[in-house]
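We count ligands from 1, going down the list as the structure has it; atoms in each ligand are counted the same way. We number each residue from 1, following the sequence as shown.
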Amino acid sequence: MNAHADPLRFPPGFVWGAATAAYQVEGSPLADGAGPSIWHRFSHTPGRVRDGDTGDVACDHYRRYPEDIALMRSLGLQSYRFSIAWSRVLPEGRGRINQAGLDHYARVVDALLEAGIAPNITLYHWDLPAALDDRGGWLNPDIADWFADYATLMFRTLGDRVPLWSTLNEPWVVADGGYMHGVLAPGHRSAFEAAIAAHHLLLAHGRGVQAFRASGARGQIGLVVNLEPKYPASHSPADLAATLRAEAYMNRQYLDPVLRGTHAEELAEVFGEAWPAPRPAEQMAVIREPIDWLGVNYYTRSVVRADESAWPQRASAVPQRGALHTETAWEVYPRGLTDTLTWVKNRYGNLPIYITENGSAFFDPPSAEVDPLPDPLRTQTLHKHLAAVHAAIGAGVDVRGYYAWSLLDNLEWAHGYSKRFGLLHVDYATQRRTRKASALAYAAVIAANAL
Ligand SMILES: OC[C@H]1NNC[C@@H](O)[C@@H]1O
Ligand SMILES: [Ca+2]
């Protein structure tokens, strides 16, 4: 930032981290007794993932995590958010325990603690055990029990020394991508299934929180949601109504039940006949089990207009030509992060928030010829979003920390390896890691706890 401006200081103890997810970085999907996940199946299904890419190797993080932890330490990272691959520890998702899987994650946690880096574990980041999908997966009401049993196993194994946990990563994406539009595993296209999956995701979340409380595990548990603020394209009644539907569908569908015990009324409009009768009160009570913190993943905003052809919410985004966009075609709009954080505080109260993901994909070459690798657009985008977090804190939002997405370039789901979000460049041909300029810029912010 401008060296002459007063530095933007972050609160003492603000947690600076970076994030990944198992299927996107680990590789070795079936090693040491692990069972296949739905993403192993999906990525090996022709046509589902760009360029035929799979997570078979990815960043080889399953084996290279010691080197990656050393790199985290060199950047001064204070926390590392990563996910457990459920089917490594329970190959069939339930029943038989794979000790080698548990041992792997215990080694990762202990290596992080040894390096002075606080683990922040996501229990579910989309890689459902394939054996559970065979039993209906998120469509089977038993999944709340299966998830609670898996969560209990992890709390018993690591609950004595992991300070931060979350149940689910982005339940909206799981239901919308996996069941509504079918672009993510398990690739279904049904509004009826999406509504069922959404409810079971919420139930599993609540049962996971209850399991955490019952396990006596230390630390704090939360839920991680993606939030994308919706701005009306005009003040016409049609655009305003469409904006409310879009906001209800993406931003309130999970937070309202978890934090208020109610469902956004626009959802009946969005799902139509697929929206089931009101849920049993005892299930809504489970969903509302209090959480200790909220994880917010922020990437972009959307400007919304009514669009009768856009299914299911009958609203579509108006392209913001002239604005900087990332490789994933997301408008760079830092102000939306400030607006989102103040929206959460105003609507749900001032519960502790971690920005559990924020980052940007811009083009980087397949191999890095220099160290650090210049990435000016990612660096400026990082700075702008950190300033946006600072503004939210200044407005009274209780933001406790920030995790850059991502530590490493990795498998961007159906985009394959074509989108690079990493602070660290990965040359997939050699597995060489190279710091990008944004990594050094981030390290400087961490060292100063200021922008
Ligand atoms: O699209 C970037 C990220 N968004 N949140 C979930 C992560 O798994 C994605 O890679
Ligand atoms: Ca493929």
Side-chain angles (χ1 to χ4, degrees), residues 17-27 29 37-40 42-43 48-50 53-55 58-59 61 80-86 120-128 166-178 181 183-186 201 222-229 250-251 254 294-302 317 325-333 336-337 340 353-364 375 377-378 381-382 385 402-426 428 438:
T20 65
Y23 194 72
Q24 297 182 266
V25 298
E26 287 183 342
S37 73
I38 56 174
W39 266 96
H40 179 68
F42 195 76
S43 68
R48 290 298 204 171
V49 176
R50 179 171 162 167
D53 290 345
T54 75
C59 309
H61 188 66
Y80 175 48
R81 175 177 179 246
F82 64 102
S83 75
I84 305 286
W86 184 340
N120 182 341
I121 288 181
T122 308
L123 287 172
Y124 185 72
H125 201 124
W126 306 359
D127 48 355
L128 189 73
S166 67
T167 53
L168 309 174
N169 181 76
E170 301 178 348
W172 179 84
V173 180
V174 176
D176 182 77
H181 295 288
V183 293
L184 303 177
L201 283 156
L223 170 67
V224 175
V225 292
N226 58 293
L227 294 178
E228 182 181 290
M250 186 184 279
N251 300 335
Y254 296 88
L294 177 68
V296 173
N297 292 355
Y298 177 83
Y299 289 93
T300 190
R301 68 152 176 185
S302 63
H325 285 67
T326 68
E327 289 283 300
T328 50
W330 295 337
E331 180 192 4
V332 174
Y333 193 73
L337 179 48
T340 291
I353 292 176
Y354 288 86
I355 312 296
T356 29
E357 291 181 26
N358 176 242
S360 56
F362 288 104
F363 176 80
D364 299 311
D375 62 338
L377 291 175
R378 188 178 291 104
T381 300
L382 171 67
H385 285 85
Y402 175 96
Y403 292 83
W405 183 269
S406 176
L407 175 74
L408 300 164
D409 291 334
N410 62 54
L411 180 69
E412 181 54 22
W413 307 110
H415 289 298
Y417 296 99
S418 66
K419 310 299 178 197
R420 292 175 177 266
F421 281 88
L423 296 172
L424 299 175
H425 176 279
V426 176
Y428 294 110
S438 56

Hits for ring-ring contact (aromatic ring centres under 6.0 Å, His included) against W86, two or more places apart or cross-chain, chain-then-number order -> F147, Y150
Query raised in the report: Do E228 and Y299 touch side chain to side chain, with heavy atoms closer than 4.5 Å?
Result: no
Only one of T356, V174, L223, V224 passes side-chain contact (heavy atoms from CB on, under 4.5 Å) with N169, and that residue is V224
Nearest heavy-atom approach of G416 to D53 is CA-OD2, 3.4 Å
**Message:** On the six-membered ring of Y403, is R81 placed so that its NZ or CZ lies under 6.0 angstrom from the centre and within 45° of the ring axis?
**Reply:** no
So CG of L227 and CG of L294: to nearest 0.5 Å the spacing works out to 7.0 Å
Under 4.0 Å from ligand 1, residues with heavy atoms, in chain and number order, are Q24, H125, W126, N169, E170, Y299, W330, E357, W405, E412, W413, F421
